[in-house]
Amino acid sequence: MAAVAADPAAAAVPASAEDRDTQPEAMPDLDEQWRQIGNGRERPLRAGESWFLVEKHWYKQWEVYVKGGDQDASTFPGCINNAGLFEDQISWHLRERLLEGDDYVLLPAPAWNYMVSWYGLMDGQPPIERKVIELPGIRKVEVYPLELLLVQHSDMETALTIQFSYTDSVDLVLQTAREQFLVEPQEDTRLWTKNSEGSLDRLCNTQITLLDACLETGQLVIMETRNKDGTWPSAQLCGMNNIPDEDEDFQGQPGICGLTNLGNTCFMNSALQCLSNVPQLTEYFLNNRYLEELNFRNPLGMKGELAEAYADLVKQTWSGYHRSIVPNVFKNKVGHFASQFLGYQQHDSQELLSFLLDGLHEDLNRVKKKEYVELCNGAGRPDLEVAQEAWQNHKRRNDSVIVDTFHGLFKSTLVCPDCGNVSVTFDPFCYLSVPLPVCSRRVLEVFFVPMDPRRKPEQHRVVVPKKGNISDLCVALSTHTSVAPDKMIVADVFSHRFYKLYQLEDPLSGILDRDDIFVYEVTGRIEPVEGSRDDIVVPVYLRERTPSRDYNSSYYGLILFGHPLLVSVPRDRFSWEGLYNILMYRLSRYVTKPTSDEDDGDEKVDEDEDEDEEDDSSSEEEKEKMSGPTVNDGTQEAEQEQAGTSSGVTERCPSLLDNSLRASQWPPRRRRKQLFTLQTVNSNGTSDRTTSPEEMQTQPYIAMDWEPDMKRRYYDEVEAEGYVKHDCVGYMLKKSPVQLKECIKLFTTVETLEKENPWYCSSCKQHQLATKKLDLWMLPEVLIIHLKRFSFSKISREKLDTLVQFPIRDLDFSEFVIKPKNESSPDLYKYDLIAVSNHYGGMRDGHYTTFACNKDSGQWHYFDDNSVSPVNENQIESKAAYVLFYQRQDVGRRQSQTSSSDTPASPVSSSTPNSDIMDIN
């Protein structure tokens with residue numbers, strides 16, 4: 001043992017000869033001592049090595065003694081005494097600001113051991129051992145290690161002072177705190193630090209060093225222990241508690257937990273419930289295996305925050321202590337990293353699911369530094385070789401529990417249509433987006449407007465080809481009306497005006513189900529053809545004059561009303577007067593002709609000086625062109641001419657507006673006031689001065705302007721809006737259910753690339769519209785099948801409500817997997833359903849729910865936000881099924897065997913499933 005001095009200061013007094021004779025070990029000669037110690041001090045620093053501090057005064061005295069060469073000299077230093085390096089002899093803390101060379105010297109462990117064996121250590125003094133640490137670009141002895149104050153969240157008053165190296169990991173601090181505070185192995189803990197401003201910061205990444213975590217000596221580190229219900233105490237302190245108050249004493253079946261709708265977040269709840277009921281993924285989080293694989297430095301990830309937020313959600317859902325939870329923390333995390341999910345707009349559950357799988361994968365990617373990997377092409381090699389190489393390359397950059405569970409492998413074959421060049425690649429996938437067999441026909445609802453004014457418009461439902469043209473619609477309608485297709489014009493009517501006048505060659509895909517489509521019977525065409533004898537079809541709007549509230553009483557506004565018309569006008573009757581008479585005939589069903597004793601036709605506009613000047617400025621030729629109609633027999637004449645065909649083109653009307661409608665308004669101001677006035681307008685129904693003459697020449701629009709009093713007296717609005725329903729209105733296009741395998745087969749069918757997405761042929765050296773075929777090569781443990789119910793195009797969107805029939809058990813993929821099969825393991829191709837995400841409603845609005853099978857009980861449940869009810873298996877299949885989750889049978893069997901052998905003790909007793917099964921269909 002080392003010699004003991006009653007007073008540490010006595011070590012400064014040279015020991016006597018008797019003392020030297022009692023040393024524990026015979027000392028070598030002084031030259032040997034100098035050589036061994038001197039050589040030891042000159043050795044390079046190695047990371048992790050132990051070095052010891054020796055007080056400079058004692059070391060200098062030892063040097064004098066050794067250099068003197070006399071072992072009996074009075075300069076003998078005595079026991080090693082480091083008293084001058086300590087603040088006190090109780091805590092044995094080092095004095096601050098000690099300098100190497102001035103206050104102490106450093107000895108490596110071998111030299112220190114020699115010294116202690118030769119001279120001993122002053123009794124009671126601890127050796128001052130320090131480690132060599134490696135910092136960026138330098139190695140040094142850490143003389144002053146980091147001292148942290150460790151406390152528990154439940155007892156902030158009792159602090160433990162523990163020394164750590166700056167190069168120690170945060171995980172070592174966590175493990176030390178767990179040991180010091182006697183935390184049970186199954187309990188979850190995490191660390192917080194209190195910064196200089198007094199606020200708390202999470203130590204999320206436990207793999208970094210304390211230096212990288214920017215911890216300082218004397219800093220308070222708080223260990224938080226998760227509650228038994230899966231929540232954290234800090235969430236309650238910060239007001240972020242996910243648990244409703246009424247759930248505090250609840251105990252139920254783990255996993256049977258609803259999610260509160262935060263406002264249009266049913267899509268998120270549905271996706272989360274599906275993922276939560278994937279057994280191997282949930283076990284991965286419940287058993288804390290994710291903690292070892294969190295990737296905080298992945299530039300493609302979310303710094304581990306998404307994975308931690310999802311883990312918290314899983315632990316709360318599967319704690320068995322909640323009927324429902326409020327996923328606001330998770331919602332905020334998703335919105336933070338994916339701005340498209342910010343706010344509370346409705347979204348697609350499959351889109352969120354895709355983001356979650358990718359985000360969790362990157363947060364849990366075991367590959368910390370991704371290497372560059374070139375695309376693997378077949379180049380004539382065997383498929384097995386190319387597929388194996390492609391999968392290995394994928395795993396070199398992507399290796400996580402998500403890849404282990406959800407990733408499979410496609411075979412993609414592209415063939416150039418010109419040179420026949422074949423390109424084969426193998427690509428990973430996370431889910432299958434399979435198309436639904438689409439019916440080639442659709443039902444359109446239209447209103448047919450006959451020329452005969454005595455007949456009301458007719459409502460029809462016609463079956464047309466989805467990829468047909470307007471001409472197909474006319475042909476289909478012709479079978480109902482006996483009107484020739486070439487005597488029809490199709491129009492989209494919106495807000496009392498023509499939104500679009502269709503040409504026969506226009507595609508039917510431009511017509512949406514919500515559009516108001518009118519089909520007019522005509523005897524000519526709208527487009528004027530020079531020298532043609534056909535009637536002219538004129539678009540006519542109805543407008544009512546209304547006094548404006550913002551101006552004086554002399555100002556009148558014009559408001560469109562009723563349904564617009566397409567009126568066939570014989571060319572030899574194409575004048576203001578002729579048009580007026582024809583319109584009176586076409587409107588005769590709901591416009592009453594005034595009697596001769598009524599004063600409407602005798603009212604005259606007051607003739608003031610301004611009108612006289614305006615009339616004088618008009619040319620005599622224009623007056624003659626605009627001769628007014630005769631009220632007594634004009635309608636009868638129009639009826640006679642309307643019944644027959646046009647008598648041909650006359651010299652009086654060589655073009656539409658040059659002569660016939662030269663003026664933009666009729667009748668002129670000094671003419672008698674009629675039931676309505678006529679005026680040329682643009683396609684919007686306004687007298688826009690910016691309307692070009694070319695537009696007016698090619699397709700004139702006419703407005704019938706009604707005075708409010710005249711409209712009230714002679715226009716029957718109820719009769720004008722009346723229509724009859726044809727027998728075909730009750731027809732419904734029957735949709736036969738399709739099998740899931742039909743969708744998968746359609747997914748693997750050869751298709752030709754679209755013009756917007758050509759393929760570059762390495763042989764032709766140009767982009768080609770190649771044929772493409774996808775085949776399934778390798779399937780994952782859990783196969784996600786997305787049914788593409790939402791169809792989008794440049795001009796239309798629709799949801800397919802086709803019933804897809806899918807099996808609950810024994811979905812066999814062996815016929816679709818082209819990889820050489822392992823006949824001894826048929827379970828590799830058979831799957832059982834474990835969850836379904838449902839969508840009810842249409843494109844603009846809807847609601848998401850979930851069917852899921854509990855991994856512990858095997859009972860199916862229906863999750864509708866915070867409501868959860870047991871259901872029968874025969875209720876799962878419906879038209880609302882949107883995303884299907886299938887688990888491979890060998891994985892499910894292995895999962896059940898593991899669960900039965902482990903039989904973990906649940907914190908609560910499992911509740912017996914309710915015998916009352918809810919009918920949700």
Side-chain angles (χ1 to χ4, degrees), residues 271-272 274-311 314 337-338 350-376 384 386-412 425-433 774-786 813 817 819 828-829 831 834-835 883-888 890-892 894-895 898:
L272 288 174
C274 288
L275 276 185
S276 175
N277 283 277
V278 175
Q280 53 267 55
L281 184 64
T282 296
E283 291 294 338
Y284 171 85
F285 283 99
L286 292 179
N287 295 331
N288 288 336
R289 295 201 299 272
Y290 75 99
L291 293 174
E292 302 173 358
E293 299 180 348
L294 284 170
N295 192 333
F296 295 96
R297 297 185 178 181
N298 186 352
L300 301 178
M302 288 77 177
K303 301 178 181 178
E305 295 182 31
L306 185 67
E308 287 191 322
Y310 179 75
V314 169
F337 291 107
Q350 189 272 333
E351 292 180 1
L352 177 70
L353 185 65
S354 176
F355 164 76
L356 288 181
L357 290 175
D358 184 65
L360 290 175
H361 158 65
E362 297 296 352
D363 270 3
L364 300 168
N365 199 345
R366 303 174 187 115
V367 179
K368 306 305 179 185
K369 186 175 181 181
K370 295 189 177 184
E371 56 182 305
Y372 173 75
V373 177
E374 291 187 1
L375 181 64
C376 178
L384 275 173
V386 181
Q388 184 177 5
E389 180 181 341
W391 184 251
Q392 289 175 350
N393 288 342
H394 178 61
K395 293 279 285 187
R396 285 162 62 185
R397 293 174 55 86
N398 304 278
D399 186 13
S400 70
V401 65
I402 303 299
V403 175
D404 299 340
T405 307
F406 299 101
H407 282 206
L409 202 63
F410 282 140
K411 178 187 177 182
S412 176
T425 57
F426 288 83
D427 305 304
F429 68 88
C430 191
Y431 51 85
L432 300 181
S433 288
L774 289 177
D775 290 298
L776 301 178
W777 181 266
M778 184 179 68
L779 298 179
E781 294 183 353
V782 174
L783 179 61
I784 302 175
I785 302 177
H786 165 225
F813 273 88
V817 177
K819 179 181 179 181
L828 294 177
Y829 311 104
Y831 285 78
I834 58 174
V883 183
L884 310 176
F885 284 68
Y886 277 94
Q887 184 180 50
R888 210 168 61 204
D890 67 313
V891 177
R894 186 169 65 246
Q895 190 85 21
T898 304

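Here the structure is a predicted model, which means the values were calculated and not measured.
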Considering only NZ, NE, NH1 and NH2 on the basic side and carboxylate oxygens on the acidic side, decide whether Asp399 and Lys370 come within less than 4.0 Å. no
Report the C-alpha separation of Ile784 and Phe429 in whole Å, then their side-chain angles, then the decisive distance to 0.1 Å, and conclude whether the side-chain contact (heavy atoms from CB on, under 4.5 Å) test is met. CA-CA 10 Å; Ile784 302 175; Phe429 68 88; over 6 Å; no
Note, Leu281 side chain near Val782 side chain (heavy atom, < 4.5 Å): no
Please work out which of the three classes, parallel, tilted or perpendicular, describes the rings of Trp777 and Phe426, given edges at 30° and 60°. perpendicular
Flag side-chain contact, heavy atom, 4.5 Å: Phe885 against Leu353: yes
How far does CH2 of Trp391 sit from CG of Asn393, to the nearest 0.5 angstrom? 11.5 Å
Below 30° counts as parallel, above 60° as perpendicular, anything between as tilted: where do the rings of Tyr290 and Phe285 land? tilted
For a 4.5 angstrom cut-off between non-hydrogen side-chain atoms, does Pro279 reach Val891? no
So which atom in Tyr431 and which in Ser354 form the shortest heavy-atom distance, rounded to 0.1 Å? OH-OG, 3.3 Å
Do Val401 and Phe406 have side chains that get closer than 4.5 Å, going by heavy atoms? no
When rounded to the nearest 0.5 angstrom, what distance separates CE in Met778 from NZ in Lys411? 15.0 Å
Check against side chain to side chain donor-acceptor pair (under 3.5 Å), His361 and His407: CA-CA 11 Å; His361 158 65; His407 282 206; 5.5 Å; no
List for me each residue that meets side chain to side chain contact (heavy atoms under 4.5 Å, CB included) alongside Asp358, sequence neighbours excluded, and say none if there are none. Glu362
What residues, two or more places apart in sequence or in another chain, satisfy side chain to side chain contact (heavy atoms under 4.5 Å, CB included) together with Ala307? Leu294, Leu360, Asp363, Leu364
Do the side chain of Asn365 and the main chain of Val367 share a donor and acceptor less than 3.5 angstrom apart? yes
Side-chain contact test, heavy atoms from C-beta onward, threshold under 4.5 Å: evaluate it for Thr405 versus Tyr284 and give yes or no. no
Can you tell me if Thr282 uses its side chain to pair, donor with acceptor, with the backbone of Val278 under 3.5 Å? yes
